[in-house]
Protein chains: 4
Amino acid sequence: MRSSSPEQSRRKRVADAKTAILQAATRLFAERGYDITTTRMIAREAGVAEGTIYLYFPSKRHILLSLIRQASVPVVTSQLADTEGQSDESVLRVLFTERIRFGREYAPLLKTLLSEAMHDADLAQQLLQEVIQPLSALVKEYIEKRIEEGVFREAPADIAARVLVGMFWFTIVYDHLLACDPAAKAEVLGSYTPEEYAQWFANLVLGGIAR
Amino acid sequence: MRSSSPEQSRRKRVADAKTAILQAATRLFAERGYDITTTRMIAREAGVAEGTIYLYFPSKRHILLSLIRQASVPVVTSQLADTEGQSDESVLRVLFTERIRFGREYAPLLKTLLSEAMHDADLAQQLLQEVIQPLSALVKEYIEKRIEEGVFREAPADIAARVLVGMFWFTIVYDHLLACDPAAKAEVLGSYTPEEYAQWFANLVLGGIAR
Amino acid sequence: MRSSSPEQSRRKRVADAKTAILQAATRLFAERGYDITTTRMIAREAGVAEGTIYLYFPSKRHILLSLIRQASVPVVTSQLADTEGQSDESVLRVLFTERIRFGREYAPLLKTLLSEAMHDADLAQQLLQEVIQPLSALVKEYIEKRIEEGVFREAPADIAARVLVGMFWFTIVYDHLLACDPAAKAEVLGSYTPEEYAQWFANLVLGGIAR
Amino acid sequence: MRSSSPEQSRRKRVADAKTAILQAATRLFAERGYDITTTRMIAREAGVAEGTIYLYFPSKRHILLSLIRQASVPVVTSQLADTEGQSDESVLRVLFTERIRFGREYAPLLKTLLSEAMHDADLAQQLLQEVIQPLSALVKEYIEKRIEEGVFREAPADIAARVLVGMFWFTIVYDHLLACDPAAKAEVLGSYTPEEYAQWFANLVLGGIAR
DNA sequence: AATGAATGAGGTTTCATTCAT
DNA sequence: GATGAATGAAACCTCATTCAT
């Protein structure tokens, strides 16, 4: 036990530095964007020297790519994982309330990745494969199960999944935009609590807009 | 007549240069992103000297801000303007087929603006005020009218509008991501024509997902 | 005439900046070596901004490659060009005295190129093709002519040329080394004037070392 | 015996590490040049940690300086040491064939030292004093002896030595350059075997170029 | 003695912007 | 008005060297 201690402490320090860099990068990329964020800023924010970054990542861009893996895990093990016994309305409400473990924590990361993927084909491909499609697949399975159970009506599960996932993503983006314009935020969200919002979302998705 | 000709030609030339710069910027920002695009690239693409850009725009960033006005006009005069006599399904189908005057032409521009707005508060605010909210307002009006007419059920029109607009935007973003990954594109879109897709979208939005 | 003036002055300024950069680079590369010399040093020495270098050369390495062309011209149009009527001894003496138009001016450049070519295959190839081989060819021609005239004995002209050219280059290198060690310089060159040196060189090459 | 064993093994290990570093440095400096070679590369090649280098050498530059001593020994104990009874032609032929213990093994090292000495006064001085001058002295002694014996004609032995040593060095440099350009190599060396080459060199040096 | 993670100064290169022509 | 050469700040990245383990 004592013999493994130095090795453990090294590994701990290593993990610390790498984690600090990733956290700093996530924060800065989200706030200011990938291109504007400099390696110097990341280093300062992470509390390490600039050169240290390059012990753990071969280039600035590899930090960005690493963030995808950070996002893919929580997305895939999302709250859709075990919904046994919950009502659909409750499941959807939770998905859009996006407060539990997800929104607050991962929205900045997802926002960054989505934004950068707009002009980086590699990133787009990875984001699609490792984050968006796994989530779509989960949603699709959920819908298929419900169709089989006769609760949802016969419609293409993949298209329905796309509708839902689309709304989920847009919620992240739209919330961000609103955060930049307090007046608009008040006007748009003013009269509803987030829970009411989520409730209506779920209601509309389930029941449709038409009478 | 002759006397006005030099003045006209001057104005024409001025308009030409400014327009050329804006078009070049739109194209390049959309393809490669704002940060990666250099003023030199814009100048070359526009067929003017680098210095000429600064006769029309105080800085590179002002070119980007100018693009918003380019986007706001067509958005506001969108296909929702006169839908008198069309069925809801047809209206929505058209909105998502996004073929008429809109998708092909403005998607790259909107994509760029959306992406940059993720880390530029000013831009976010303007995009919200001049592009997104006007569109939301139009959709909301449409929904309110339908509710009054008893065709849509009693639900908050603003939230419903947000659902629709969200799906609209996500379509642009998702299509872009898919364009970067041919395999995924085939898998996701493979079995449906764009029209079928739009049809199902409209159907789900109107009728809801639940039986 | 007046109309061409601005264009001329531009071209003049352009030529000035490029020439200044090349001269500064030659000086600094020779004194401190290619790797140690920084673009900042070159810019300061040339009296231009660091960025200006990149208007004329795509990279620092291209400055070095450009120097080869600077060297190839004077080498090829060297003093071997017209030796009609001079005695062989006189021709060789002049070659090794290397004072006329050559040594002082081009030795630092050749020294730099030779040194860098030791670990840069591209440079080595170009140096060989554009500087060393042309000079060898000239010397070889000269020797062949002399053999035909019955003045030189029947020996492979190419090997003889290599002997001569080798001694020529080594003179440059050895002189540089001696310049770094005043004591050695005194010991080696002490008792001979440069002219006597050159005289004996010529004599030994022509007559051989053996009795 | 047993008591001296740990001390021996320590010395052995020390020698091992130091030797490994020097060998690695020699190899890398020769292949890629001093500036391009990093301490990390040396450490990896030598099979030690980067920090270990600094237990044996105060700085990277001191490794280079140490290499001179590696070169000086074999140079001074070169094949000129005992030539009793051999013909001059044979001695010279051997010197230029540079096959015996010399060329293959030390050419890369000498090449590197020569190249770096072009812009490092300290190194130049040491190279001169410890490698070049000892060799020159040996050659000079040899020539003086021959002059005394009446075999060589009355000429300044030091200048003649310089001619010979110059050709020797240039052979190393020129061979390196040719190795970078296969086409040129074929053209230059094509029709002669190395032995023929060496034979003619010796012949020309002894007999002179003139009839 | 040996390690290798950490450092941070400094290198090359880019690019928005200015200004003399 | 139009040009494009010139600028220089600042970006990303490297690497000789140090030092806690």
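In what follows, chains carry the letters A, B, and so on, assigned in the order in which the sequence lines appear, proteins first and then strands, with residues in each chain numbered from 1.
- Taking every heavy atom of both residues into account, D/Met41 and D/Ile36 meet most closely at SD-O, 3.9 Å.
- Judged by the 6.0 Å and 45° rule, C/Lys60 forms a cation-pi pair with C/Tyr34.
- In this structure, A/Ile42 atom CD1 and F/dA11 atom C1' are separated by 12 Å, rounded to whole Å.
- The residue among A/Gly47 and C/Tyr34 whose nearest nucleotide of DNA chain E lies closer to the 5′ end is A/Gly47.
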Produce the list of close N/O pairs, under 3.5 Å, pairing protein atoms with atoms of nucleotides 8-10 of chain E; give distances to one decimal.
| residue | atom | partner | partner atom | Å |
| --- | --- | --- | --- | --- |
| E/dG8 | N7 | A/Gly51 | N | 3.4 |

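- Looking at the side chain of D/Leu55, the nearest of the listed nucleotides E/dT3, E/dA6, E/dT14 is E/dT3.
- The distance between atom CZ of B/Arg44 and atom C1' of E/dA16, rounded to the nearest whole Å, is 15 Å.
- Atom-to-atom, CD1 of B/Ile21 to P of E/dA16 comes out at 14 Å; the value is rounded to the nearest Å.
- Between the OH atom of D/Tyr54 and the P atom of E/dT7 there is a distance of 18 Å, given to the nearest Å.
- Checking side-chain atoms of C/Lys111 against main-chain N and O of C/Ala30 turns up a donor-acceptor pair under 3.5 Å.
- Nearest heavy atom pair, residue B/Glu116 against residue A/His119, reads OE2-CE1, 3.6 Å.
- Note: CD1 (B/Ile53) to P (E/dT18) measures 13 Å, nearest angstrom.
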A/Ile42 and A/Val48: side chain to side chain contact (heavy atoms under 4.5 Å, CB included), yes or no, with the steps? CA-CA 9 Å; A/Ile42 297 172; A/Val48 299; over 6 Å; no

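- Judged by distance alone, with hydrogens and angles left aside, the side-chain atoms of C/Ser66 form a donor-acceptor pair with the main-chain N or O of C/His62 at under 3.5 Å.
- For E/dA16, the OP1/OP2 oxygens have a side-chain nitrogen or oxygen of B/Thr39 closer than 4.0 Å.
- Atom CG of D/Asp35 and atom P of F/dT14 are 17 Å apart (whole Å).
- Side-chain atoms of A/Gln70 and A/Thr26, non-hydrogen and from C-beta on, do get closer than 4.5 Å to each other.
- Distance OH (D/Tyr56) to C1' (F/dA16): 19 Å, rounded to an integer number of Å.
- Paired runs in DNA chain E that reach 3 or more consecutive Watson-Crick or G-U pairs, where each pair keeps both distances under 3.5 Å, cover E:2-21 with F:2-21.
- Contacts between residues 57-68 of chain A and DNA chain F, counted as heavy-atom distances below 4.0 Å, involve A/Ser59, A/Lys60.
- In this structure, B/Arg61 pairs ionically with B/Asp120, as a charged nitrogen and a carboxylate oxygen lie closer than 4.0 Å.
- Separating the NZ atom of A/Lys18 from the P atom of E/dG4 is a distance of 18 Å, rounded to the nearest angstrom.
- One N or O on the side chain of B/Ser115 and one on the backbone of A/Ser115 form a donor-acceptor pair closer than 3.5 Å.
- Figure legend: cation-pi geometry between B/Lys18 and B/Phe57, with NZ or CZ positioned under 6.0 Å from the six-membered ring centre and within 45° of its axis.
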Show the numbers, then the answer: is there a side chain to side chain contact (heavy atoms under 4.5 Å, CB included) between B/Thr112 and A/Met118? CA-CA 7 Å; B/Thr112 306; A/Met118 294 286 91; over 6 Å; no

